[in-house]
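Structure, as structure tokens:
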Amino acid sequence: MEKSEMRKDIDHILISEEKLRERVAQLGEQISADYAGKCPLLVSVLRGSFIFMADLARQVQPFCQVDFMAVSSYGSGTSSSGQVNIVKDLTESIEGKDVIVVEDILDSGNTLSYLFQLLKARNPASLKLCTLLDKPSRRSKPITADYVGFTVPDEFVVGYGLDYDELYRNLPYIGVLKPQVYEK
Ligand code: PRP
């Protein structure tokens with residue numbers, strides 16, 4: 001499938017490549033200032049955050065480490081249910097480390113509130129959340145992010161890592177999917 005083919009399924013571009021680049025650079029600057037003299041561990045929650053993680057990590061100035069986790073939430077269609085399954089755990093211990101969880105989207109908060117409970121129990125020195133997108137209108141758990149790229153409306157967004165049915169992750173921008181694509 002060509003990118004131009006994918007474009008036909010996109011109603012409109014919500015966040016352009018240029019806006020993503022600018023905002024990710026700002027987030028990198030903010031994190032660099034907050035963690036100056038430290039060595040934060042960036043934890044990417046796969047799969048949605050892989051592109052954001054790669055771009056953000058290159059904007060972080062101090063020494064940093066990276067690790068990856070994969071989780072799946074059992075939910076139907078467009079929302080998660082709160083039951084989270086660890087598909088791939090971190091490679092190393094986070095005890096005593098300054099951990100920043102890097103996510104693509106904070107939606108109901110089910111995934112992140114479960115994950116934060118799990119990670120807190122492993123005694124990191126600190127634990128923060130950096131999410132590219134925040135959809136506060138859908139929140140069902142009391143969780144807020146420490147770093148937010150963009151607050152987005154309750155629309156079906158894809159691209160820059162985010163998928164529908166495992167597709168569209170490789171779009172370089174964030175777009176709103178045409179409803180007829182997921183209502184099929
Ligand atoms: C997305 C996203 C978060 C979660 C947020 O992952 O990466 O982990 O949903 O939703 P919540 O706040 O309602 O829990 P998804 O389950 O789509 O998997 P993916 O990262 O592999 O795309």
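The structure presented is a predicted model; accordingly, all values stated were derived computationally and were not measured. Whatever order the structure lists ligands and atoms in, that order sets their numbers, starting from 1. Values reported hereafter were calculated over all heavy atoms of this structure, with side chains retained and with hydrogens, waters and symmetry mates removed.
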Could you tell me which non-hydrogen atom of L132 sits nearest to which non-hydrogen atom of V24, and how far apart they are? CD1-CG2, 4.4 Å
May I ask whether R169 has any heavy atom positioned less than 4.0 angstrom from an atom of ligand 1? yes
Heavy-atom nearest neighbour of atom 4 (C) of ligand 1 within options D163, D107, T111, D104: T111
Is L162 close enough to touch ligand 1? Criterion: a residue heavy atom under 4.0 Å from a ligand atom. no
For S108, the ligand 1 atoms with a heavy-atom partner under 4.0 Å come out as 11 (P), 12 (O), 13 (O), 14 (O)
Ligand 1 to V45 polar contact by distance, N or O atoms, under 3.5 Å: no
Check R122 with D89, please: is the shortest side-chain N to carboxylate O separation under 4.0 Å? yes
Considering only heavy atoms of I105, which atoms of ligand 1 have at least one such atom less than 4.0 Å away? 2 (C), 3 (C), 5 (C)
Mode of E103 contact toward ligand 1 - side chain, backbone, both, neither (heavy atoms, under 4.0 Å): side chain
Are more than 12 heavy atoms, taken from residues, nucleotides or ligands other than E166, located less than 6.0 Å from that residue's CD atom? yes
If you define the side chain from C-beta out and look only at heavy atoms, does anything of D9 sit under 4.5 Å from K178? no
Do Y35 and D98 have side-chain atoms, one donor and one acceptor, less than 3.5 Å apart? no
N/O donor-acceptor pair under 3.5 Å between R23 side chain and V148 backbone: yes
